[in-house]
Amino acid sequence: MSNEIRVRFAPSPTGYLHVGSLRTALYNYLYAKKVGGKFILRIEDTDQTRYVDGAVENLLNTLKAMGLEYDEGPDKGGEFGPYYQSERTEIYNKYVQELLDKGTAYRCFCTPEELDKMREECKAKRLDTRYDGRCRNLTENEINEHLKNGDKYVIRLKVPKEGEITFYDVVREKVTFQWDTVDDQVLVKSDGFPTYHLANVVDDHLMEITHVIRGEEWLPSVPKHLFLYESFGWKPPKMCHLPLLLNSDKSKLSKRQGDVAVEDFLNKGYLPETLLNFVALLGWHAPGDQEFYTLAELEKAFSLKRINKSGSVFDMEKLNWMNGQYLRNTDLKIIAEYARKYFEKAEYHIPNEKHYFELVDIARNRIHKLDEVTEFAKPFFGELEFSDEDKTILGSQSAQTLFKFWAENIADSTELNEELINELLKRSAQELEIKGKNLYPPLRLALYGSAHGPELPTIMDILGKDEVINRFQKLIK
RNA sequence: GUCCCGUUGGUCUAGUGGUUAGGACUCAGGAUUUUCAUUCCUGCAUCAGGGGUUCAAUUCCCCUACGGGAUACCA
């Protein structure tokens with residue numbers, strides 16, 4: 001065994017990658033990069049009842065889109081495979097037999113109905129709802145009797161009844177549990193598949209994982225896991241429990257209160273760079289005020305020691321702001337490429353690359369998510385729609401004079417450029433005595449469908465000479 | 001109910017035994033811009049409460065309150 005640091009991201013394939021999981025994956029990845037270790041992906045698919053078609057593929061794709069590359073994993077291989085827990089049942093069987101032989105695990109023949117009843121009774125008495133251990137000390141004969149009858153059973157961990165356990169978590173530091181509050185956890189279900197607890201410990205050991213970096217919801221299970229390591233005679237990895245990501249009401253971030261799937265964020269036009277940057281700062285921060293980080297910078301700056309203890313609210317407003325920043329400050333070429341699919345989806349045909357770039361460039365200053373780009377670009381594609389109020393403005397005497405003047409002059413010109421536009425603007429004011437409020441808003445309304453928006457030269461350039469004339473012509477009565 | 005964890009403005013956070021407690025988002029006002037957006041400036045607002053320890057506590061300790069997580073043959 002080497003001294004290499006090995007960490008893992010071990011999601012269960014529920015159909016999509018949760019943003020909270022993204023952060024867990026990111027922290028694992030960053031730590032591995034920081035210390036020159038290995039980052040492993042393992043699929044925890046031991047629950048057959050929750051099988052979702054295509055979930056793993058989806059997970060892998062999302063991880064890839066986010067740029068979190070792993071060193072070993074399902075589609076990548078590695079010397080510690082297989083990386084699907086569903087393909088490792090024989091391994092778990094072997095180890096659970098060892099526990100059975102050692103007497104730190106036992107067969108439990110209680111039916112789900114019995115267990116429910118037990119729990120109800122405990123609740124009624126306002127007691128802890130742990131398993132009462134009635135199968136803990138069955139005699140050999142009793143066990144054989146059950147087996148002979150073909151009774152279904154699970155295998156439970158025989159946790160100590162007395163004393164306490166103290167361990168050191170990288171984030172929480174010292175944590176202590178009394179053994180009499182720890183349940184006899186089910187290790188193997190009646191369908192023969194292991195539960196998370198068994199599979200996780202066995203795999204982390206076999207895969208030589210040195211640091212378990214995962215969500216805080218696992219903290220209460222640590223005593224069971226540690227007891228498993230001890231029972232096997234294995235050295236446990238370092239524990240590192242991350243604070244939770246929260247809804248705005250401070251409950252654990254959930255689907256009910258908005259998007260949590262990374263792919264949904266991606267589809268809405270949040271950049272992978274934004275998501276990574278944003279999520280990295282939820283629960284971790286380097287000393288100082290820097291809040292824009294590339295992945296490479298995060299790899300350098302990251303440290304487990306600086307992970308916060310308290311949960312953090314996932315603030316959409318700030319995410320939107322940050323995405324806007326990335327939209328504006330990332331190379332235009334990259335943004336234009338990301339934007340392409342939204343134009344395709346809206347069926348906006350892009351006639352001219354130069355104008356497309358120009359369009360994306362002015363759009364990126366006004367939007368926060370890339371999916372808003374089509375709404376912004378809409379006036380450039382297809383017919384404009386006017387409200388009654390707009391129509392009043394467009395039909396006014398001065399507006400009509402203006403449109404005729406512009407349509408004629410542009411038609412007579414050889415080229416529609418900024419110089420000409422500025423000249424016409426000046427002449428409108430001088431010759432027609434139309435200026436200010438009566439000049440700009442009607443023109444922009446006529447060409448862009450709104451009194452507010454991009455600068456006139458930009459609008460006209462993107463539209464092109466013919467379309468500009470056409471739009472004026474249509475409004476002239 | 002029981003066990004565990006947590007608590008710096010509304011939100012994300014920096015920081016310290018002695019600081020005017022710093023930055024960012026949001027919000028409000030202003031400047032720039034023909035408009036909108038961008039950008040810039042200014043402002044509002046915080047160390048959960050109570051006890052200790054100490055010359056001094058936001059910082060160390062304890063209690064309380066509040067919040068969260070876990071209490072499955074799900075992970």
Side-chain angles (χ1 to χ4, degrees), chain A residues 10-14 21 44-50 85 108 110-112 115-116 119 122-131 152-156 169 171-173 175-178 180-183 185-197 199-200 214-223 241 243-244 246 248-252 278 281-292 306 308-322 324-325 328 362-367 376 425 429 435-437 439-441 443-445 448 450-456:
Chain A
S12 64
T14 52
S21 302
E44 311 230 325
D45 54 351
T46 55
D47 187 2
Q48 295 303 294
T49 63
R50 293 213 300 180
Q85 289 188 329
C108 167
C110 297
T111 63
L115 294 171
D116 282 344
R119 251 176 242 122
C122 286
K123 266 186 192 157
K125 287 187 218 155
R126 303 191 129 198
L127 286 169
D128 209 343
T129 54
R130 273 169 296 132
Y131 176 61
K152 289 206 163 189
Y153 64 90
V154 299
I155 296 174
R156 287 181 184 273
D169 184 271
V171 175
R172 315 279 144 191
E173 297 176 323
V175 183
T176 301
F177 285 83
Q178 297 300 317
D180 63 11
T181 65
V182 181
D183 205 359
Q185 186 59 238
V186 171
L187 299 177
V188 179
K189 299 174 244 181
S190 54
D191 65 1
F193 278 91
T195 57
Y196 171 87
H197 307 278
N200 194 261
R214 77 229 302 181
E216 195 191 0
E217 68 267 30
W218 293 110
L219 197 58
S221 313
V222 173
H241 288 84
L244 262 19
L246 274 24
S248 45
D249 67 357
K250 303 245 180 190
S251 57
K252 187 172 159 183
F278 185 70
L281 262 21
L282 254 27
W284 169 85
H285 208 287
D289 291 335
Q290 183 177 351
E291 58 180 350
F292 285 98
R306 290 193 60 87
N308 295 147
K309 289 175 169 52
S310 57
S312 23
V313 172
F314 191 92
D315 183 6
M316 280 297 179
E317 301 248 31
K318 189 150 188 181
L319 208 219
N320 286 339
W321 165 80
M322 185 173 268
Q325 292 295 313
R328 270 160 237 140
I362 51 171
R364 79 207 294 213
N365 273 306
R366 288 148 215 274
I367 62 178
F376 178 81
L425 245 17
K435 49 189 143 184
K437 228 178 87 184
L439 175 60
Y440 292 95
L443 286 176
R444 192 175 283 108
L445 190 57
Y448 184 69
S450 167
H452 304 301
E455 293 177 26
L456 282 171

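Naming convention: chains lettered A, B, ... in sequence-line order (proteins, then strands); numbering from 1 in each chain. Since the structure is predicted, the reported quantities are computational estimates derived from the model, not experimental observations.
A/V313 comes within 4.0 angstrom of sugar-phosphate atoms only, judged by non-hydrogen atoms across all strands, and of no base. A/S310 comes within 4.0 angstrom of sugar-phosphate atoms only, judged by non-hydrogen atoms across all strands, and of no base. Here A/Q325 lies in heavy-atom contact (under 4.0 Å) with sugar-phosphate atoms only. Residue contacts shown for A/E455 include a base, since a base heavy atom lies under 4.0 Å away. Across all strands shown, A/P441 has no heavy atoms under 4.0 Å from either base or sugar-phosphate atoms. Backbone-only engagement by A/R306 is indicated by non-hydrogen atom pairs under 4.0 Å involving sugar-phosphate atoms exclusively. A/T14 comes within contact range of no nucleotide atom at all, as no heavy-atom separation falls under 4.0 Å. The residue A/G283 sits close only to the backbone: its heavy atoms come under 4.0 Å of sugar-phosphate atoms, none of a base. When heavy atoms are screened at a 4.0 angstrom cut-off, A/F177 is found touching the sugar-phosphate backbone but no base atom. Contacts of A/V175 with the nucleic acid, taken as non-hydrogen atoms under 4.0 Å apart, involve only primed sugar atoms and P, OP1 or OP2.
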For nucleotides 65-71 of chain B, 5' to 3', base contacts (B), sugar-phosphate-only contacts (S) and non-contacts (-) with protein non-hydrogen atoms under 4.0 Å give --SSSSS
Each nucleotide in nucleotides 40-45 of chain B should get exactly one letter: B, S or -. Can you fill that in based on protein heavy atoms under 4.0 Å?
------
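B/A24 atom C1' lies 9 Å from atom CZ of A/F292, rounded to whole Å. The nearest whole Å value for the distance from the CG atom in A/N365 to the P atom in B/U39 is 8 Å. Atoms CZ (A/F278) and P (B/U26) sit 12 Å apart, rounded to a whole Å. One can place CZ of A/R172 at 6 Å from P of B/G6, the figure rounded to the nearest angstrom. Between the CG atom of A/L187 and the P atom of B/C74 there is a distance of 12 Å, rounded to whole Å.
The shortest distance between side-chain heavy atoms of A/V222 and A/H241 falls below 4.5 Å. The closest side-chain heavy-atom distance from A/S221 to A/Y196 is not below 4.5 Å.
Distance alone, capped at 3.5 Å, places no donor-acceptor pair between the A/T129 side chain and the A/C122 backbone. Between the side chain of A/D191 and the backbone N or O of A/F193 there is at least one donor-acceptor pair closer than 3.5 Å.
For A/N308 and B/A14, the shortest distance from a side-chain N or O to OP1 or OP2 is below 4.0 Å. Neither OP1 nor OP2 of B/A37 sits under 4.0 Å from any side-chain N or O of A/R364. A sub-4.0 Å separation between OP1 or OP2 of B/A75 and a side-chain N or O of A/T46 is present. Distances shown here put every side-chain N or O of A/S248 at or beyond 4.0 Å from the OP1 or OP2 atom of B/G10. Considering only side-chain N and O atoms, A/K189 lies under 4.0 angstrom from the phosphate OP1 or OP2 of B/C74.
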Between the protein and nucleotides 18-22 of chain B, list the N/O to N/O atom pairs that are separated by less than 3.5 angstrom.
residue : atom : partner : partner atom : Å
B/G22   : N2   : A/D289  : OD1          : 3.2

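Checking A/G311 against A/G453, the closest nucleotide of RNA chain B that is more toward the 5' end is the one next to A/G311.
Between the side chain of A/S190 and the base of B/C73, at least one donor-acceptor pair of N or O atoms lies under 3.5 Å. In terms of polar N and O atoms assigned as donor or acceptor, the side chain of A/R328 never comes within less than 3.5 Å of the base of B/U38 in a complementary pairing.
Residues A/F292 and A/W321 place their aromatic rings such that the two centres sit under 6.0 Å apart.
In this model, no donor atom of one side chain and acceptor atom of the other lie less than 3.5 Å apart for A/R306 and A/H285.
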